[in-house]
A.B. asks: 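Have a look at this one before I ask anything.
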Amino acid sequence: MKLPPGATGFGTDSRQSKKDLQDLAAVCHHAARRTGGAVAELIPLGATPNFHTATITYPDDRIAVLRHGLLPWLALAKPTRPGQAPRDWLDRTELAEAIGEVSDLRILTRDELLQPLGRADLADLAAAEIKQIAYWRPTTVGDLLFNLWD
């Protein structure tokens with residue numbers, strides 16, 4: 001997988017706006033309605049350094065929808081406690097299809113997120129990002145993309 005500049009959330013001055021959180025909320029509310037769930041929580045960028053989070057609840061499940069802070073990418077994961085990075089990546093076809101009805105955001109697959117970082121193409125990352133990778137030592141693409149680095 002080729003990772004573009006900004007993948008780590010470092011090396012760039014731009015941050016996504018409040019509008020991106022509102023857009024994520026709208027996308028998740030639509031997807032939740034279509035799949036029989038409800039949006040229970042929205043956590044903005046800042047509480048998590050490089051991603052917004054929405055949690056969709058179902059009678060017997062909870063799914064976190066993560067929106068990267070700089071890239072137009074989403075990931076699905078089991079929700080974690082505050083201050084804990086996502087680890088359990090999910091593929092949920094019905095939810096991904098519902099999101100795709102109203103959004104062009106790319107939904108990363110579990111396989112993409114679990115790809116060992118050693119197999120990812122990091123050539124386009126900024127020097128500041130490479131420095132952060134060396135410091136934090138993520139092992140997978142998901143660890144790099146959705147991190148709690150400060």
Side-chain angles (χ1 to χ4, degrees), residues 1-117 120-122 124-126 129 132-133 136 138-150:
M1 176 176 203
K2 186 173 184 70
L3 297 177
T8 64
F10 287 85
T12 180
D13 290 332
S14 66
R15 285 287 180 163
Q16 295 298 325
S17 69
K18 185 177 178 180
K19 182 181 180 309
D20 290 321
L21 181 61
Q22 293 167 339
D23 290 346
L24 176 63
V27 164
C28 288
H29 281 288
H30 169 82
R33 280 191 304 274
R34 296 277 287 136
T35 60
V39 176
E41 180 177 45
L42 288 168
I43 302 171
L45 186 86
T48 56
N50 79 337
F51 56 94
H52 298 298
T53 306
T55 302
I56 299 176
T57 61
Y58 297 94
D60 60 350
D61 200 8
R62 292 171 40 104
I63 298 174
V65 180
L66 311 175
R67 203 271 191 218
H68 193 278
L70 298 173
L71 304 175
W73 291 355
L74 295 177
L76 306 176
K78 290 183 182 177
T80 60
R81 292 182 297 227
Q84 189 176 36
R87 290 295 228 189
D88 296 318
W89 304 110
L90 304 171
D91 286 325
R92 294 290 190 267
T93 303
E94 186 180 13
L95 183 58
E97 288 172 357
I99 290 169
E101 292 172 359
V102 295
S103 175
D104 290 333
L105 292 169
R106 180 174 175 214
I107 302 169
L108 300 169
T109 67
R110 183 176 186 273
D111 285 344
E112 288 174 312
L113 293 160
L114 289 175
Q115 179 183 6
L117 197 57
D121 182 350
L122 310 179
D124 290 342
L125 299 186
E129 293 184 284
Q132 291 297 322
I133 292 167
W136 294 101
T139 58
T140 67
V141 168
D143 291 342
L144 182 146
L145 289 172
F146 298 95
N147 65 65
L148 299 176
W149 307 346
D150 53 5

A.B. asks: Hey, does Gln115 have a side-chain heavy atom less than 4.5 Å from the side chain of Thr140?
C.D. replies: no
A.B. asks: Charged N to carboxylate O below 4.0 Å: is that the case for Asp143 and Arg87?
C.D. replies: yes
A.B. asks: For Thr55 versus Pro79, what's the shortest heavy-atom pair and its separation?
C.D. replies: CG2-CG, 4.1 Å
A.B. asks: Report yes if some heavy atom in the side chain of Val65 is under 4.5 Å from a heavy atom in the side chain of Leu24; otherwise report no.
C.D. replies: yes
A.B. asks: Indicate the atoms forming the closest heavy-atom contact of Ile56 with Ala32, along with that distance.
C.D. replies: CG2-CB, 3.9 Å
A.B. asks: Please report whether the ring centroid of Trp73 lies less than 6.0 Å from that of Phe146.
C.D. replies: no
A.B. asks: Donor-acceptor check, side chain of Asn50 to backbone of Leu145, threshold 3.5 angstrom: yes or no?
C.D. replies: yes
A.B. asks: Check Asp88 with Arg110, please: is the shortest side-chain N to carboxylate O separation under 4.0 Å?
C.D. replies: no
A.B. asks: Can you find a pair of side-chain heavy atoms, one from Asp61 and one from Ile63, that are under 4.5 Å apart?
C.D. replies: yes
A.B. asks: State, with a plain yes or no, whether a side-chain heavy atom of Leu117 is found less than 4.5 Å away from one of Leu122.
C.D. replies: yes
A.B. asks: Evaluate the side-chain proximity of Arg34 to His30: yes if any heavy-atom separation is below 4.5 Å, no if none is.
C.D. replies: yes
A.B. asks: Test side-chain contact (heavy atoms from CB on, under 4.5 Å) on Glu41 and Arg62 and set out the steps.
C.D. replies: CA-CA 11 Å; Glu41 180 177 45; Arg62 292 171 40 104; 4.3 Å; yes
A.B. asks: Would you say Trp136 and Thr8 make side-chain contact, with heavy atoms under 4.5 Å?
C.D. replies: no
A.B. asks: Could you check Glu112 against Val141 for side-chain contact (heavy atoms from CB on, under 4.5 Å), going step by step and ending with a plain yes or no?
C.D. replies: CA-CA 7 Å; Glu112 288 174 312; Val141 168; 5.8 Å; no
A.B. asks: Contact between Leu66 and Trp89 at the side-chain level, heavy atoms closer than 4.5 Å - yes or no?
C.D. replies: yes
A.B. asks: Test your reading of the model: is there a side-chain donor-acceptor pair from Asn147 to the backbone of Leu144, 3.5 Å cut-off?
C.D. replies: yes
A.B. asks: Between atom CG of Leu90 and atom OG1 of Thr109, what is the distance when rounded to the nearest 0.5 Å?
C.D. replies: 12.0 Å
A.B. asks: Taking the side chain from His68 and the backbone from Ala7, do they hold a donor-acceptor pair closer than 3.5 Å?
C.D. replies: yes
A.B. asks: Closest approach of Ala54 and Leu42, non-hydrogen atoms and distance?
C.D. replies: CB-CD2, 3.4 Å
A.B. asks: If you round to the nearest 0.5 Å, how far is SG of Cys28 from CZ of Arg33?
C.D. replies: 11.0 Å
A.B. asks: Tell me, do Leu108 and Leu113 make a side-chain contact under 4.5 Å, heavy atoms counted?
C.D. replies: yes
A.B. asks: Please report the shortest heavy-atom distance between Gly9 and Leu70, naming the atom on each side.
C.D. replies: CA-CD1, 3.6 Å
A.B. asks: Quick check against the 3.5 Å criterion: does Arg67 have a side-chain atom that pairs as donor or acceptor with the backbone of Leu71?
C.D. replies: yes
A.B. asks: Could you report the tightest heavy-atom contact between Leu3 and Asp124, atom names first, then the distance?
C.D. replies: O-CB, 3.9 Å
A.B. asks: Is a side-chain donor or acceptor of Ser103 paired with a backbone partner of Ile99 at a separation under 3.5 angstrom?
C.D. replies: no
A.B. asks: Is a side-chain N or O of Glu129 found less than 3.5 angstrom from the main chain of Pro5, in a donor-acceptor match?
C.D. replies: no
A.B. asks: For the pair Phe51 and Ile43, evaluate side-chain contact (heavy atoms from CB on, under 4.5 Å) and give the outcome as yes or no after the intermediate values.
C.D. replies: CA-CA 9 Å; Phe51 56 94; Ile43 302 171; over 6 Å; no
A.B. asks: Find the distance between CG (Leu95) and CD1 (Ile107) and round it off to the nearest 0.5 Å.
C.D. replies: 7.0 Å
A.B. asks: Can you name the nearest heavy-atom pair linking Leu125 to Pro4, along with the distance?
C.D. replies: CD2-O, 3.1 Å
